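Sequence lines set the chain letters: A, B, ... in the order given, protein chains first and strands last, and positions in each chain run from 1. Below, all heavy atoms of this structure are taken into account, side chains as well, without hydrogens, waters or symmetry copies. Model, not experiment: these values are computed from the prediction.
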Amino acid sequence: MSKVHVEHLGKTYKNGVRALEDVSFEVQEGEFVSFIGMSGAGKTSLIRMLNGMLVPTSGTIHIDNQEIGRLNRREKRSVQKHIGTIYQDFCLVDGLTCYENVLNGCLGNQNIFQTLVGIFTKEQREYASLVLKQVGLLDKKDVKAKELSGGQKQRTAIARSMMQQPQILLADEPVASLDPYTSEQILELLKKLQKQYHLTVIINSHNVEASLKYSDRIIGIKEGRVVLDKQVNEVSEEELKLVYGMK
Amino acid sequence: MCEIKRTIKYKNWIITFLVLAALIISCRITGFSMTVLTKRGNRFTEFVLKMFPADLAYGGKVMQPLISTIQMSVAGTLIGAGIALLTSFLSAGNVCESRALRLLIKLVVQAVRTIPVLIIALIATFAFGIGTFAGTFALALYTWAILTRIGSEDIETLSMGAFEALTVTGCGKVKAFIRTLFVDMLPGYLTNALYLLETNVRHASILGYVGAGGIGLLLNEKIAWREYEKVGTILIALFFAVIIVEGFSWLFARILEGNVKKNWLRTAGKRALWILLGVVSIWSVCSIERPDSSALGMKVVRSIMDGIVHPDWNYFFSNGKDGVTWLLLETVCIAVAGTLLGAVIAAVLSFLGSKRFMPWPVAGFFRVIVMAIRTVPVLIYGIMFLRVTGPGSFAGVLTLAVTSIGLIAKRFTVSIDRMDMSAWNAYSAMGVNVIGRIKYCLIPELFPQFASAVFYRFDVNIRGASILGLVGAGGIGAPLITYMNQYRWDAVGAILLGLFALVLVIELVSAWVRRA
């Protein structure tokens, strides 16, 4: 049984730009899959459709055998609660502390009154400390997000998504704005969390080498279409060049 | 390259020419005259000498109206800021999807911003009766309009990333909003609200003129009875009240920005200040008098609305010296001449008050002077200058010039103190003399910031000029208030419509100038 099942997915924006066309693939539970391709190939649109930020123009997405497009709002939200996403630009609230940003990850289980006053249960607070420890940021707990370094911000964002106790972790260019050394650390962390919690990880990346090192499978996207879908050890140099448009 | 340089040069010449032309025309129309100023200027000092030394024994009687002035300002700011918190989100393009709602709010805000607080207060006294309720209402409405506008502009610059990221975790938009955009905008919003509190204390001190409560009533009375030493006492009391409010708001703003080094201030101090603010707010809101139930209330509001919808078009388009067009022109001229004159004085005072160029005792002295100048309510200056110039718009020019000094000098001083001195130091190391350094380093660096401060104040002064008529210092205010007291709402509507159009045109021009 596949965790994520995408069939004939297409996305055309209002301004006529066609981002994706007839994309199909399956991701198994616990798999680590990397999407590679040039800028503008449609990778970001794909991730945003998987987490429900964008609505596809055509095709279907099944998560845990539930078709996202057919769910009502409440059902869709309960699926979204278990999909964590991390972004290239971190998407943190600069004025809140690292710890408060992490707590934001469990807003899905709060009511409006609790949110307004800022009440979190003891369990939620303990779990936030636990995930902060796992990403190695417990000592930065009370530092404002704007004062953190790039790597620390991405760790905070990862901790926030772990707060959702996700089954699927999506990552849109998670290391594109970080230096090579920090990038390596972030990817190591993702790999560690994937193993520990048996997560399904889907990641977009420009960095082919890192993708080959950390993923189980590579899917190449070119001009909105899947042009490569293979296990890491089966991918050849020529096939990679094809994804990036070189003959 | 050469082409571009030449057009820039032409543009500078054209702007200089236009400003000079506007200044000359304005001086002509307002009857500005240096000879009158030098010959009769001593009447101003005579008036000051009548007020000081002040009658300090009278101080005790000033306290109660002073406190109610501050209560009015705090309550007005609080209520206005509270409602604006909601409307600023509703009029921000990136949050509210309903275009019609956004436009509606923006239109109302623009309309309210056109009308000076004093006029709003006057209308409020018709609707709610005389007393602090009318004043608080006027201040709240004014605060609401300003904060809705500034707030929505700030919100539109916020990054939506965190909000969208949380929305897709399935928590819904409202909760995501509370923990992201709301948290992001709050510190800046509170800083602006505090700044408005300072402005509102100044505004509140004259609202008594139209019967809207506070110390203005007393001020009006003592001037009418020619008890000038008591006027002096009131001014001193106002000075200290303004200093206290400013000090408090400065401290609070620093804590909000997290700019405090001492740890105890960050935690305990923050809590103490919040509690203090809460107590003062509750105390202020509770102190507002109930509106007078015998007042005309909704009936007046309805007839005002009716007047604005059906303005007296004959009056609006009549081109005599008492027609709306001429009065608007006169108002603009008062504002132009007053702002530019004020800017020149402010420039001198801000250099004298800058710690960079002056030893600290000198700088400190001039800063206190600027602060004292800022404290005196606009109408008092109006009355003082009337003795120099006689009734008419010349007095208005002088009044606006003096009241402009405070804000312009404050902004000038900030930009001088923040200026990067490296170029200046490099020039002096090259052996360039002071004049050269000023011409080629100081002026190019500071001029744009000076210009923007002056322009901002001009915008404020257009509205300010429309209340000078209350004391006979020219402009559109005199007929406005007369017609209001005669319940000629169609004429009032014509004037307000004219003001609305004028402010709109000036805003469009200023947006164009800033873009070009």
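- For A:R74, no part sits under 4.5 Å from any heavy atom of chain B, backbone or side chain.
- Using a 4.5 Å cut-off between heavy atoms, A:Q114 does not touch chain B at all.
- Residue contact with chain A, scored on non-hydrogen atoms closer than 4.5 Å, involves the backbone and the side chain of B:T169 alike.
- Each of A:H82, A:Q164, A:E100 has some count of heavy-atom pairs under 4.5 Å with chain B, and the biggest count is that of A:Q164.
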With a 3.5 Å cut-off and sequence neighbours excluded, list the donor-acceptor pairs that the side chains of residues 95-109 of chain B form with protein atoms.
{"residue": "B:S98", "atom": "OG", "partner": "B:L101", "partner atom": "N", "Å": "3.2"}
{"residue": "B:R102", "atom": "NH1", "partner": "B:C96", "partner atom": "O", "Å": "3.0"}

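- The six-membered or imidazole ring of A:F120 lies away from that of A:Y99, with a centre-to-centre distance of 6.0 Å or more.
- Salt-bridge formation is not detected for the pair A:E147/A:K140: no Lys NZ or Arg NE/NH1/NH2 atom is positioned less than 4.0 Å from an Asp or Glu carboxylate oxygen.
- By the 6.0 Å contact criterion, CZ on A:R125 is enclosed, its count of non-hydrogen atoms from other residues, nucleotides or ligands being greater than 12.
- A:L116 touches chain B through backbone and side chain together, each having a heavy atom under 4.5 Å away.
- Here B:V168 is the residue among B:L166, B:V174, B:V168 with the most heavy-atom pairs under 4.5 Å with chain A.
- No hydrogens or angles considered: nothing links the side chains of A:E75 and A:Q66 as a donor-acceptor pair under 3.5 Å.
- Using a 3.5 Å distance cut-off with no hydrogens or angles, the side chains of A:T85 and A:N51 do pair a donor with an acceptor.
- Heavy atoms of A:N104 lying under 4.5 Å from chain B belong to its backbone as well as its side chain.
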